[in-house]
Undergrad: 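The structure that follows is given in the form of C-alpha cells.
A note on names: the letters A, B, ... follow the listed sequences, proteins ahead of strands, and every chain is numbered from 1. If you're wondering where the values come from, they're calculated on a predicted model, not measured in any experiment.
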Amino acid sequence: MFWVFKTEPAECSIADIEAAGSAGVVWEGVRNYQARNFLRDQVKTGDMVLIHHSSCAAVGIAGVATIIAEAFTDPSQFVTDSLYYDPKANADKAPWVAVRVGFVRKFPRILPMADLRAIAGLAEMQLLKKGNRLSIMPTTNAEFDLVLLAAKA
DNA sequence: GCCAACGTTGGC
DNA sequence: GCCAACGTTGGC
C-alpha cells in the first residue's frame, strides 16, 4: 500500500531518515487511535511512504521512504521523560505501536501543498482535505505516482 | 498568532 | 452514552 506520514522536520526530517542509512528510523509517538490503527493493522513491510514535513517553514512533501519493519510496541510510551510517555500504558496494556522506516529518496525541493492542490488528479488526496489532522493516512497508487512526477518538475 | 476542525474528557 | 467544554493540530 501507499501512505503519507506527517512529521515535524525538527523531530525527524527526510534528511534524518537518509542519515539513518539502512537501519532506518523508528517511527514512534503516534498517539491518535485512527492513525494507530493504520499503523498496527495495515502498514506492511515494503509499503511506500510519502514523507510530509509539517509545522515548519517549508510545509510539503519532502521525499519517499519505505517500511522496513511492521508494527511493534512503541517503546516511547514507557519512557517517563519522553514527550510520548503514556502513564496509562504498561506491559499488559500497551496501546501504541511503532514501525521502522527506511530512506528511499529525497526530493530536489519540498513540494508545497499549493502545488499539490493545483494537480487535478490529487483533488481527493486525503492530505489535502480541509481539516485533516491524521499523521498516518493512506494514499492511492495513482496519487503516489502523481506526486513523484510533480517532484521531478 | 489566528482559527477551523477535530479528538478527548468528564459531568450528568 | 450524550454532549458541552476544552485541548490539540496544523495550514496559513
Undergrad: 5' to 3' on DNA chain B, which nucleotides open and close the contacts with chain A (atom under 4.0 Å from a heavy atom)?
TA: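 Nucleotide range with atoms under 4.0 Å of chain A: B:dA4 to B:dT9.
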
Undergrad: Apply ring pair (Phe, Tyr, Trp, His ring centres under 6.0 Å) to A:Tyr33 and list each qualifying residue two or more places apart in sequence or on a separate chain.
TA: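 Expected list: A:Trp96.
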
Undergrad: Can you sort out which residues in residues 109-118 of chain A have a heavy atom within less than 4.0 Å of DNA chain C? Ascending by number, please.
TA: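 Correct list: A:Met113, A:Arg117.
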
Undergrad: Does anything in residues 1-11 of chain A come within less than 4.0 Å of DNA chain C? Heavy atoms only, and list the residues if so.
TA: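 Contacts with DNA chain C under 4.0 Å: A:Lys6.
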
Undergrad: Name all residues meeting the side-chain contact (heavy atoms from CB on, under 4.5 Å) criterion together with A:Ala151; count only those two or more places apart in sequence or in a different chain, and write none if there are none.
TA: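 Only A:Phe107, A:Leu111 meet the side-chain contact (heavy atoms from CB on, under 4.5 Å) criterion with A:Ala151.
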
Undergrad: Could you go through the salt bridge (charged side-chain N to carboxylate O under 4.0 Å, His left out) check for A:Glu124 and A:Lys129 one step at a time?
TA: CA-CA 7 Å; A:Glu124 295 302 312; A:Lys129 288 279 170 74; 3.3 Å; yes

Undergrad: Listed by chain and number, what are the side-chain contact (heavy atoms from CB on, under 4.5 Å) partners of A:Asp41, not counting sequence neighbours?
TA: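 Only A:Asn37 meet the side-chain contact (heavy atoms from CB on, under 4.5 Å) criterion with A:Asp41.
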
Undergrad: Please enumerate all residues that pass side-chain contact (heavy atoms from CB on, under 4.5 Å) together with A:Arg133, with sequence neighbours excluded.
TA: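 Counting only residues at least two positions away or on another chain, A:Arg133 forms no side-chain contact (heavy atoms from CB on, under 4.5 Å).
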
Undergrad: List the residues meeting side-chain contact (heavy atoms from CB on, under 4.5 Å) with A:Ala94, not counting sequence neighbours, and say none if there are none.
TA: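 In terms of side-chain contact (heavy atoms from CB on, under 4.5 Å), with neighbours along the sequence ignored, A:Ala94 is linked to A:Thr73, A:Gln77, A:Phe78.
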
Undergrad: With sequence neighbours left out, write down each residue that passes ring pair (Phe, Tyr, Trp, His ring centres under 6.0 Å) with A:Phe5, or none if nothing qualifies.
TA: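 Listed in chain order: A:Trp27.
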
Undergrad: What is the nucleic acid contact for A:His53, judged by heavy atoms within less than 4.0 Å: base, sugar-phosphate only, or nothing?
TA: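 The answer is nothing, as A:His53 stays clear of every strand by at least 4.0 Å.
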
Undergrad: Sequence neighbours left out, what pairs pass ring pair (Phe, Tyr, Trp, His ring centres under 6.0 Å) with at least one residue falling in residues 129-153 of chain A?
TA: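 Sorted pair list: A:Phe2-A:Phe144.
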
Undergrad: Does anything in residues 50-68 of chain A pair up under side chain to side chain donor-acceptor pair (under 3.5 Å), and if so which pairs, sequence neighbours excluded?
TA: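 Passing the test, one end in residues 50-68 of chain A: no pairs.
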
Undergrad: Taking only residues two or more places apart in sequence, or in another chain, which ones meet A:Gln126 in a side-chain hydrogen bond (donor to acceptor under 3.5 Å, both in side chains)?
TA: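 Residues passing side-chain hydrogen bond (donor to acceptor under 3.5 Å, both in side chains) with A:Gln126: none at all.
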
